[in-house]
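Worksheet: the structure to be examined is printed underneath.
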Amino acid sequence: MRYLVRDKIFAIGDDYWIEDEQGRRAFRVDGKALRLRDTLELKAPTGQVLITLRQKLLSLRDAMIIERDDRTLATIRRKRLSLLRNHYRVSLAEGTELDVSGRILDLEFAIEYDGELLAHVSRRRLRMRETYGVNVVRDDADHALLIAVAVCVIRMAEKEYEEDV
């Protein structure tokens, strides 16, 4: 299943829709403005909050937390000791890990579990400007979680880039 995300509207406080490949609204991202930390909610089209994304406070390294039902589902950090600057590790609450690697700022990267591709994020082959696709490869994967991971990793990479410039 492929989802389409418009990347120009990733400012805090902005709300936007993520559509499926048939153009139907699949998820709504609700940015929470005027918060102490970066906070987003990924909602179903009905308005139900599926996942909350928060910037982790008081962390030695930049991190974001993904929550579901007020419980931590995953923590995302840039991978230490990586030769690739754009390599992130997603530590799931259950103890497993996902790897995110590729050209994050170019919107060309993969989300994998134990070497198996779960989702591919790409701007290629899309005619609409400022849009990228999140192609979830496995039907049994948690689509909301994988979209949340993509959103978090892109935000973290953009923030790192802005700090370095």
Side-chain angles (χ1 to χ4, degrees), residues 1-5 7 10 12 16 18 20-21 26-32 35-44 48-124 131-164:
M1 171 67 80
R2 176 179 256 187
Y3 299 94
L4 299 176
V5 184
D7 74 339
F10 269 109
I12 296 177
Y16 56 93
I18 296 173
D20 66 15
E21 54 198 343
F27 301 100
R28 181 171 174 244
V29 177
D30 185 1
K32 300 297 178 185
R35 297 271 174 107
L36 214 58
R37 57 187 176 174
D38 199 356
T39 303
L40 298 166
E41 291 177 340
L42 186 64
K43 296 181 176 182
Q48 173 193 7
V49 176
L50 303 172
I51 290 183
T52 302
L53 318 166
R54 299 182 201 280
Q55 178 183 4
K56 188 171 182 179
L57 291 178
L58 304 172
S59 177
L60 293 175
R61 293 183 299 138
D62 218 9
M64 287 194 80
I65 296 174
I66 298 174
E67 298 173 343
R68 179 178 280 148
D69 300 325
D70 294 324
R71 289 190 307 264
T72 299
L73 185 60
T75 302
I76 301 175
R77 289 187 172 86
R78 188 167 62 82
K79 191 172 179 180
R80 280 191 257 174
L81 305 174
S82 173
L83 297 175
L84 301 172
R85 182 168 179 200
N86 290 318
H87 197 149
Y88 292 80
R89 173 159 288 144
V90 181
S91 301
L92 300 174
E94 67 204 29
T96 59
E97 293 183 338
L98 305 179
D99 283 316
V100 181
S101 61
R103 297 185 324 271
I104 309 292
L105 292 175
D106 292 334
L107 300 173
E108 292 293 334
F109 61 93
I111 303 170
E112 298 178 331
Y113 169 69
D114 202 22
E116 180 182 351
L117 182 66
L118 298 178
H120 182 253
V121 176
S122 178
R123 177 177 274 169
R124 274 192 228 147
T131 300
Y132 65 90
V134 178
N135 188 21
V136 178
V137 177
R138 294 202 33 176
D139 291 334
D140 62 342
D142 185 337
H143 291 220
L145 173 62
L146 293 174
I147 288 172
V149 167
V151 168
C152 284
V153 167
I154 291 167
R155 289 183 83 90
M156 291 173 71
E158 287 175 345
K159 193 172 186 182
E160 262 182 54
Y161 177 77
E162 289 170 5
E163 289 172 0
D164 287 350

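Computed from a predicted structure; not experimentally measured.
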Considering only heavy atoms from C-beta outward, does the side chain of Q55 approach that of T39 to under 4.5 Å?
no
My understanding is that only residues two or more places apart in sequence, or in another chain, count here; which of them pass ring pair (Phe, Tyr, Trp, His ring centres under 6.0 Å) with F27?
Y3
Rounded to the nearest 0.5 Å, what separates atom NE2 in H120 from atom CD in E112?
10.0 Å
I'd like to check the side chain to side chain contact (heavy atoms under 4.5 Å, CB included) partners of R103; sequence neighbours left out, ordered by chain and number.
D106, E108, R124
Heavy-atom closest pair, residues A150 and V134:
CB-CG2, 4.4 Å
Side chains of I65 and L53, heavy atoms from C-beta outward: is any pair under 4.5 Å?
no
Hey, could you give me the OH/OG distance between Y132 and S122, rounded to the nearest 0.5 Å?
11.5 Å
Shortest non-hydrogen contact from A63 toward M156:
CA-CE, 3.9 Å
A148 versus I51, closest heavy-atom pair with distance
CB-CG2, 4.0 Å
Side chain to side chain, R138 and E116, heavy atoms closer than 4.5 Å:
yes
Hits for side chain to side chain donor-acceptor pair (under 3.5 Å) against D20, two or more places apart or cross-chain, chain-then-number order -> R24
Could you measure the distance from the CZ atom of R89 to the CG atom of D99? Nearest 0.5 Å is fine.
5.5 Å
Salt-bridge present (R28, E41; N to O < 4.0 Å)
no
Kindly indicate, with the supporting measurements, whether the criterion side chain to side chain contact (heavy atoms under 4.5 Å, CB included) is fulfilled by L4 and R2.
CA-CA 7 Å; L4 299 176; R2 176 179 256 187; 4.3 Å; yes
Straight-line distance of I76 CD1 to Y88 OH, nearest 0.5 Å
10.0 Å
A141 and L146 have their tightest heavy-atom pair at CB-CD1, 3.7 Å
Close side-chain approach of L105 and E158, heavy atoms under 4.5 Å
yes
Pairwise side-chain contact, E21 with M1, heavy-atom cut-off 4.5 Å (strictly under)
yes
As a test of understanding, state which of I66, L118, V121 forms a side chain to side chain contact (heavy atoms under 4.5 Å, CB included) with V149.
I66
From L42 CG over to R68 CZ, what is the distance, rounded to the nearest 0.5 angstrom?
9.0 Å
Taking the side chain as every heavy atom from C-beta outward, state whether D30 and L40 have any atom pair closer than 4.5 Å.
no
Beyond-backbone contact of L145 with I147, side-chain heavy atoms, under 4.5 angstrom:
no
I'd like to check E67 versus R54 (side-chain heavy atoms, cut-off strictly below 4.5 Å). Are they in contact?
yes
